[in-house]
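So that we are looking at the same thing, I have put the structure below in structure tokens.
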Amino acid sequence: MVTTKEKTEKLPPLEKIATLVSDLDQLRIQVEHQIIQEKPLDDLVDLVFLDDLSSQTGVSIDTMKKKLKEVDGKVFKLGKKYVIRKINLLEVLERMERI
């Protein structure tokens, strides 16, 4: 197997960056796939109700929904309540921590 260093040694700068980005994307996909396979199905489909989340944080449901959607939170309406999958909420919180 050829290493990334070997692949990029003789490439021009822009091609070197493209190769590095491609290798990083492949690694990210592999890691995400591995993480999803290790999580129980319940963790992937479990829902968090926005009204519960908003009461815990002292923020209105509309504000909570807006903030989550700003960072690609996949909020949806289930019956009369807004919900987000627990796995997606964790991803959103991680993105918000980086901001």
ask   = Can you check whether Pro12's main-chain N or O pairs, donor with acceptor, with Glu15's side chain at less than 3.5 Å?
value =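 Side chain of Glu15 to backbone of Pro12, a donor-acceptor pair under 3.5 Å: no, none is there.
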
ask   = Taking atom NZ of Lys7 and atom CG of Asp23, what is their separation to the nearest 0.5 Å?
value =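 Taking NZ in Lys7 and CG in Asp23, the distance rounds to 3.5 Å.
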
Worked verdict on Asn88 versus Val92 for side-chain contact (heavy atoms from CB on, under 4.5 Å) = CA-CA 6 Å; Asn88 185 238; Val92 166; 4.1 Å; yes

inquiry  = Quick one, Asp46 and Ile87 - any side-chain contact, counting heavy atoms below 4.5 Å?
reply    =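 No, side chains not in contact.
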
key: Note, Leu68 side chain near Ile84 side chain (heavy atom, < 4.5 Å)   =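 Touching, per the 4.5 Å side-chain cut-off.
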
key: Over 12 foreign heavy atoms within 6.0 Å of NZ, Lys67   =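 No, not enclosed.
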
ask   = Going from CD on Glu91 to NZ on Lys74, what distance comes out if it is rounded to the nearest 0.5 angstrom?
value =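 Between atom CD of Glu91 and atom NZ of Lys74 there are 7.0 Å.
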
request  = Determine, using the 4.5 Å side-chain heavy-atom cutoff (strictly less than), whether Val48 and Leu93 are members of one ILVMFWY cluster.
outcome  =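 Yes, one cluster joins them.
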
ask   = If we only count heavy atoms from C-beta on, is the Leu50 to Val83 side-chain gap below 4.5 Å?
value =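 A side-chain contact is absent here, since even the closest heavy-atom pair is not under 4.5 Å.
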
query = Any luck finding a side-chain donor-acceptor pair between Thr19 and Ser22 under 3.5 Å?
reply =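 No pair is found: no donor N or O on one side chain lies under 3.5 Å from an acceptor on the other.
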
ask   = With a 4.5 Å heavy-atom cut-off, do Leu53 and Leu89 have their side chains touching?
value =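 Yes, their side chains come closer than 4.5 Å.
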
query = What is the minimum heavy-atom distance between Lys16 and Glu9, and which atoms define it?
reply =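 Shortest heavy-atom contact: NZ-O, 4.2 Å.
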
ask   = Between CD1 of Ile61 and OH of Tyr82, what distance do you get to the nearest 0.5 Å?
value =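 So the CD1 of Ile61 and the OH of Tyr82 are separated by 9.5 Å.
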
message = Measuring from atom OG1 of Thr4 to atom CD of Gln26, what distance do you get when rounded to the nearest 0.5 angstrom?
response =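 Going from OG1 on Thr4 over to CD on Gln26, the span is 8.5 Å.
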
query = Roughly how far apart are Lys65 NZ and Ser60 OG, rounded to 0.5 Å?
reply =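 The NZ atom of Lys65 sits 9.5 Å away from the OG atom of Ser60.
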
request  = Give a yes or no on this: more than 12 heavy atoms of other residues, nucleotides or ligands lie within 6.0 Å of atom CD1 of Ile29.
outcome  =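 Enclosed.
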
inquiry  = How long is the straight-line distance from CG of Leu90 back to CZ of Arg95, given to the nearest 0.5 Å?
reply    =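 CG of Leu90 is found 11.0 Å from CZ of Arg95.
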
